[in-house]
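To keep things clear, I will list the structure first and then write my remarks on it.
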Amino acid sequence: MMLKEMQKLPEAVQLIEKASIMFLENGTPDTAAMALERAGKLIEHVNLEKAVQLYQQSASVFENEERLRQAVELLGKASRLLVRARRLDEAVVSILKEKNMYKEIENYPTCYKKTIAQVLVHLHRNDFVAAEKCVRESYSIPGFNGSEDCAALEQLLEAYDQQDQDQIYDVCNSPLFKYMDNDYAKLALSLVVPGGGIKKKSPAASQNGVSQPAQGGSRAEEDDDEYAGGLC
């Protein structure tokens, strides 16, 4: 804590990690997991990669203790940071683990939200097949088929497949997507079909009667470049 006050965060984290090992050896894994989570919060704004590692370690300790609710919450933090860092391949794996854990504790509505997150990440990876597979596999989750989440995802996939940028804009600006965790909401708002279409900039532009003609790859590349450096 003194190192934290001195703004020597990496050194502070090293000591917290050492303390967590001692807590584990002393038979107090809950305290070890909480220490790792505290370290993750400490370093999150300085080093995303280290924070992801610490949250994953903390989740693993809680999972070993069969405290799945605490474990899945920390996995969620790791997933969001992976999305923020544009490490989308790793984010896919992390979100799937979250979703399976929520299934295990029978929190099915949250599974629906994790399916939305999966689809958004897959589409940003330009992997339509994987996105479609996520939705198809989720039909086995109780209550998913016929839910608002399911209907929205089916609309989104159809629009993406048809390269209908206006429909994608409408779906991704619905409250279901806009009020997700911030990192996923940003994925939704920045989703552009590959090779065509223009993402509408704001509802106000439409209301003022300003329309923009669809253009090809050059404008799409400009939109891609806008987010090339990450979403933070």
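The figures that follow rest on heavy atoms only: side chains count, while hydrogens, waters and symmetry mates do not.
- Not one N or O on the side chain of E63 forms a donor-acceptor pair closer than 3.5 Å with the backbone of L68.
- Across all their heavy atoms, I16 and A39 have their closest contact at CG2-CB, 3.7 Å.
- Between the CD atom in E132 and the CG atom in L157 there is a gap of 6.0 Å [rounded to 0.5 Å].
- In this structure, the side chains of L156 and C172 come closer than 4.5 Å at one or more pairs of heavy atoms.
- Taking 4.0 Å as the cut-off between side-chain N and carboxylate O, R84 and D183 count as a salt-bridged pair.
- Between S94 and L75, the shortest heavy-atom distance links the atoms OG-O, 3.7 Å.
- Contact check on E98 versus K103 returns no salt bridge, with no Lys/Arg side-chain nitrogen under 4.0 Å from an Asp/Glu carboxylate oxygen.
- Salt-bridge annotation for E37 and K77: present, with a side-chain N of the basic residue lying under 4.0 Å from a carboxylate O of the acidic one.
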Q) Given Q57 and Q53, is the side-chain contact (heavy atoms from CB on, under 4.5 Å) satisfied, shown in steps? A) CA-CA 6 Å; Q57 287 176 339; Q53 177 194 332; 3.3 Å; yes
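- Taken together through direct or relayed side-chain contacts under 4.5 Å among Ile, Leu, Val, Met, Phe, Trp and Tyr, M1 and L36 form part of one hydrophobic cluster.
- Between L3 and L9, the closest side-chain pair of non-hydrogen atoms is not below 4.5 Å.
- Within 6.0 Å of the CZ atom in R125, the count of heavy atoms belonging to other residues, nucleotides or ligands exceeds 12.
- Smallest separation of non-hydrogen atoms from F177 and L153: CZ-CD2, 4.3 Å.
- In the displayed structure, E49 atom CD is contacted under 6.0 Å by at most 12 heavy atoms of other residues, nucleotides or ligands.
- Using a 4.5 Å cut-off between side-chain heavy atoms of Ile, Leu, Val, Met, Phe, Trp and Tyr, with links allowed through other members, V92 and Y184 fall into the same hydrophobic cluster.
- Residues L123 and F128 are in side-chain contact: their nearest non-hydrogen atoms beyond the backbone lie under 4.5 Å apart.
- Atom CZ in F62 sits 8.5 Å away from atom CD in E73 (nearest 0.5 Å).
- Within the 4.5 Å cutoff, the side chain of D164 has no heavy atoms near those of the Y169 side chain.
- Between the side chain of S147 and the backbone N or O of C150 there is at least one donor-acceptor pair closer than 3.5 Å.
- The shortest distance between side-chain heavy atoms of Y108 and F144 does not fall below 4.5 Å.
- For CD of E154, the number of neighbouring non-hydrogen atoms (other residues, nucleotides, ligands) closer than 6.0 Å is greater than 12.
- Cluster annotation: I95 is not connected to V93 through the hydrophobic network of ILVMFWY side chains, with a link wherever side-chain heavy atoms come within less than 4.5 Å.
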Q.
side chain to side chain donor-acceptor pair (under 3.5 Å) for Y160 and Q167? Distances and angles first, verdict last.
A. CA-CA 8 Å; Y160 192 91; Q167 179 66 12; over 6 Å; no
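- At most 12 non-hydrogen atoms from other residues, nucleotides or ligands lie less than 6.0 angstrom from OH of Y179.
- In this structure a side-chain-to-backbone donor-acceptor pair under 3.5 Å is missing from H124 to L88.
- The two residues A78 and Q56 come nearest to each other via the heavy atoms CB-CG, 3.9 Å.
- Residue M180 comes nearest to K113 through the heavy atom pair CE-O, 3.9 Å, listed as atom of the first residue, atom of the second, then distance.
- Annotation for G40 and A51: closest pair O-CB, 3.7 Å, computed over non-hydrogen atoms.
- A 4.5 Å side-chain heavy-atom check between Q118 and V135 finds every atom pair outside the cut-off.
- Taken to the nearest 0.5 Å, the CG atom of D89 stands 10.5 Å off from the CG atom of L82.
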Q: For D30 and R67, run side-chain contact (heavy atoms from CB on, under 4.5 Å): C-alpha distance rounded to whole Å, both residues' side-chain angles, the deciding distance at 0.1 Å, then the answer.
A: CA-CA 9 Å; D30 285 3; R67 294 184 60 180; 2.2 Å; yes
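- No continuous path of ILVMFWY side-chain contacts below 4.5 Å connects L74 to V13, so the two sit in separate hydrophobic clusters.
- In this structure, K18 and Q14 have side chains that are not in contact, with every pair of non-hydrogen atoms separated by 4.5 Å or more.
- Atom OG1 of T115 sits about 8.0 Å away from atom CG of D149, to the nearest 0.5 Å.
- Linking ILVMFWY residues whenever their side-chain heavy atoms come closer than 4.5 Å, directly or via other members, places I116 and I141 in the same cluster.
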Check residues 19-27 and write down every donor-acceptor pair under 3.5 Å in which the side-chain atom is one partner and the other belongs to a residue at least two apart or another chain.
from: S20; atom 1: OG; to: E17; atom 2: O; distance (Å): 2.6

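- Residues Y55 and L81 have side chains in contact (heavy-atom distance under 4.5 Å, counting atoms from C-beta outward).
- Under the 4.0 Å criterion applied to side-chain N and carboxylate O atoms, K8 and E11 are not assigned as salt-bridge partners.
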Q: Could you go through the side-chain contact (heavy atoms from CB on, under 4.5 Å) check for L187 and L191 one step at a time?
A: CA-CA 6 Å; L187 283 186; L191 184 61; over 6 Å; no
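- Donor-acceptor pairing under 3.5 Å is recorded for the side chains of S138 and K99.
- S190 contributes a side-chain N or O that, together with a main-chain N or O of K186, makes up a donor-acceptor pair within less than 3.5 Å.
- Taking CG from L96 and SG from C134, the interatomic distance works out to 7.5 Å, rounded to the nearest 0.5 Å.
- The main-chain N or O of L54 is never found under 3.5 Å from a side-chain atom of S58 such that the two would form a donor-acceptor pair.
- To the nearest 0.5 angstrom, K133 atom NZ is 10.0 Å from D127 atom CG.
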